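Keep in mind the model is a prediction, meaning the values are calculated, not measured.
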Amino acid sequence: MEIEVSAEAKDKRLNRGVAITVVVLSVAMGLGNIKDGNIVQAMDRAEAHSVDRWNEYQATRVKARVVETSMAEVTAAHGTPPASFAADLARYKGETPQLKAQALGYEAQYDALNVHDDQFDASEAALSTAISVAAVGALVEAPWVLAAAWVFGAFGLFLSLCGFAGWGFHPDVLSTLLG
């Protein structure tokens with residue numbers, strides 16, 4: 001007695017829909033992942049530059065304070081301090097506002113990039129969920145499950161589009177919930 005087992009689905013349209021969905025969403029997720037990696041690298045650079053500028057800012061303020069103290073000591077001990085002290089002090093006091101502005105600029109750049117990083121992170125989560133739901137749709141052979149996958153996929157694609165286009169949409173609800 002032989003029993004024939006068939007793994008063939010009843011509705012090939014559903015399987016084709018799942019296959020196309022998985023391919024489209026996987027490609028979108030891969031491209032988004034590449035872009036997100038580039039954004040993270042830019043964020044790292046902005047943060048490093050910010051830290052460097054804040055360190056320069058603090059060092060310059062310390063040098064200015066040392067020159068002020070030295071000027072006071074020399075004045076108390078010998079009268080008039082050398083002119084180079086006043087020139088150094090003026091240079092240090094002139095540099096500090098520029099260094100502070102540069103550091104704040106790098107912080108702002110980091111924050112702007114972080115919005116897009118969040119978009120791609122949320123997109124990846126939505127697209128992964130959509131692919132998983134689509135696979136379940138194929139297993140249970142339920143078109144409504146595939147439709148649910150498309151909802152997650154559409155949201156993920158929208159977030160990827162926001163990230164690529166530089167739009168300011170931020171998934172605050174997701175960030176608050178998951179953050």
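- Residue pairs meeting the salt bridge (Lys or Arg N to Asp or Glu O under 4.0 Å) criterion with at least one member in residues 78-90, sequence neighbours excluded, are D88-R91.
- Follow the hydrophobic side-chain contacts under 4.5 Å out from I20 and you never reach V23; the two are in separate clusters.
- Residues meeting the salt bridge (Lys or Arg N to Asp or Glu O under 4.0 Å) test with K93, sequence neighbours left out: E68.
- Nearest approach of V67 to F85, heavy atoms of both residues: CG1-O, 3.3 Å.
- Residue K63 qualifies as enclosed at atom NZ: its count of foreign heavy atoms under 6.0 Å is above 12.
- The distance from atom CG of N38 to atom NZ of K35, rounded to the nearest 0.5 Å, is 6.5 Å.
- Among E107, Q58, Q102, the single residue meeting the side-chain hydrogen bond (donor to acceptor under 3.5 Å, both in side chains) criterion with R53 is Q102.
- How far CE of M29 is from CG of N33: 8.5 Å, rounded to the nearest 0.5 Å.
- For residues 100-137, the set of pairs meeting the ring pair (Phe, Tyr, Trp, His ring centres under 6.0 Å) definition, not counting sequence neighbours, comprises H49-Y106, F120-F164.
- Of all non-hydrogen atoms in V74 and P81, the two that sit nearest each other are CG1-CA, 3.7 Å.
- Interatomic distance, CG of D118 versus NE2 of H170, reported as 3.5 Å (0.5 Å rounding).
- Minimum interatomic distance between E141 and P143 (heavy atoms only, all atoms of both residues): O-CD, 3.8 Å.
- The number of heavy-atom neighbours closer than 6.0 Å to CZ of F152, taken from other residues, nucleotides and ligands shown, is 12 or below.
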message: Test side-chain contact (heavy atoms from CB on, under 4.5 Å) on V136 and V133; report intermediate values, then the result.
response: CA-CA 5 Å; V136 170; V133 171; 5.6 Å; no
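- Atom CD of E47 and atom CG of N114 lie 10.0 Å apart (nearest 0.5 Å).
- For the atom pair CG (D117) and CG (D111), the distance works out to 12.0 Å, reported to the nearest 0.5 Å.
- Classified by interplanar angle (parallel below 30°, tilted 30° to 60°, perpendicular above 60°), the ring pair F158/W167 is tilted.
- A distance of 12.0 Å separates CG in D44 from CD1 in I39, rounded to the nearest 0.5 Å.
- Hydrophobic clustering keeps V145 apart from L14 (ILVMFWY residues linked when any side-chain heavy atoms are closer than 4.5 Å, directly or through intermediates).
- With a 4.5 Å cut-off on side-chain heavy atoms, L31 and S160 do not count as touching.
- The closest donor-acceptor contact from the side chain of S123 to the backbone of Q119 lies at 3.5 Å or more, if one exists at all.
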E95/Y57 under side-chain contact (heavy atoms from CB on, under 4.5 Å): CA gap, chis, key distance, verdict: CA-CA 8 Å; E95 288 176 359; Y57 171 79; over 6 Å; no
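- Minimum heavy-atom separation, G153 to A130: N-CB, 3.4 Å.
- Nearest heavy-atom pair across L159 and A122 is CD1-CB, 3.5 Å.
- Between V66 and T69 the shortest side-chain heavy-atom distance does not fall below 4.5 Å.
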- request: Test side-chain contact (heavy atoms from CB on, under 4.5 Å) on L157 and L25 and set out the steps.
  value: CA-CA 8 Å; L157 291 172; L25 298 182; 4.0 Å; yes
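- N15 approaches A138 most closely through the heavy-atom pair OD1-CB, 3.9 Å.
- No side-chain donor-acceptor contact under 3.5 Å links S50 to the backbone of A46.
- If you chain together hydrophobic residues whose side chains sit under 4.5 Å apart, L99 and L104 fall into the same group.
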